[in-house]
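Here the structure comes first, spelled out in structure tokens, and everything after it is commentary.
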Amino acid sequence: MHEHLKEFTGVEERVLIGRAQEKTPLFLTRVHNRLLRTGMAELTDTRPDPPLLRKASNDYKTAIDQLIQHAGLAA
């Protein structure tokens, strides 16, 4: 990066993007395609024996609803 900065003098606006920033969109695409899409499908699965992710989601929802009710925040 320092070598590239030496090339510029005066008032110039430049944006230097590091390697990690270049790879972030690819990483997020892979996360979406391999994890989120599959996970979201499990959350909406309507089988009588729910997948583990849907069961966990329902358990969290129940626990949060109970905490809200216990705190007197339920509307």
Side-chain angles (χ1 to χ4, degrees):
M1 181 174 84
H2 292 290
E3 291 178 23
H4 290 291
L5 289 174
K6 289 178 188 176
E7 297 174 17
F8 305 110
T9 59
V11 181
E12 297 182 42
E13 292 185 22
R14 300 289 173 154
V15 176
L16 299 177
I17 298 175
R19 290 182 189 262
Q21 291 166 320
E22 292 173 0
K23 294 183 180 192
T24 299
L26 180 60
F27 170 76
L28 294 175
T29 299
R30 287 181 177 164
V31 166
H32 172 268
N33 291 344
R34 295 179 183 177
L35 297 174
L36 295 180
R37 192 177 342 174
T38 305
M40 295 303 285
E42 283 192 15
L43 290 176
T44 59
D45 191 328
T46 57
R47 291 180 291 180
D49 57 332
L52 290 177
L53 191 57
R54 188 172 115 217
K55 182 178 179 331
S57 175
N58 290 343
D59 292 345
Y60 276 119
K61 181 185 178 303
T62 300
I64 290 170
D65 289 345
Q66 289 173 352
L67 288 170
I68 288 172
Q69 186 177 15
H70 180 68
L73 300 173

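Worth saying up front: this structure is predicted, and the values here are computed from it rather than measured.
Residues in residues 26-44 take part in no salt bridge (Lys or Arg N to Asp or Glu O under 4.0 Å) pair, two or more places apart or across chains.
Phe27 and Leu36 fall within a single hydrophobic cluster, where Ile, Leu, Val, Met, Phe, Trp and Tyr side chains are chained together by heavy-atom contacts under 4.5 Å. Hydrophobic clustering keeps Tyr60 apart from Leu67 (ILVMFWY residues linked when any side-chain heavy atoms are closer than 4.5 Å, directly or through intermediates).
Thr62 places a side-chain N or O within 3.5 Å of a backbone atom of Asn58 that can act as its donor or acceptor partner. Side-chain atoms of Thr44 come within 3.5 Å of backbone N or O of Ala41 as a donor-acceptor pair.
Within 6.0 Å of the CG atom in Leu52, the count of heavy atoms belonging to other residues, nucleotides or ligands does not exceed 12.
Annotation: the span from Arg54 atom CZ to Thr46 atom OG1 amounts to 7.0 Å, rounded to 0.5 Å.
Residues Leu53 and Leu43 share a closest heavy-atom pair of O-CD2, 3.7 Å.
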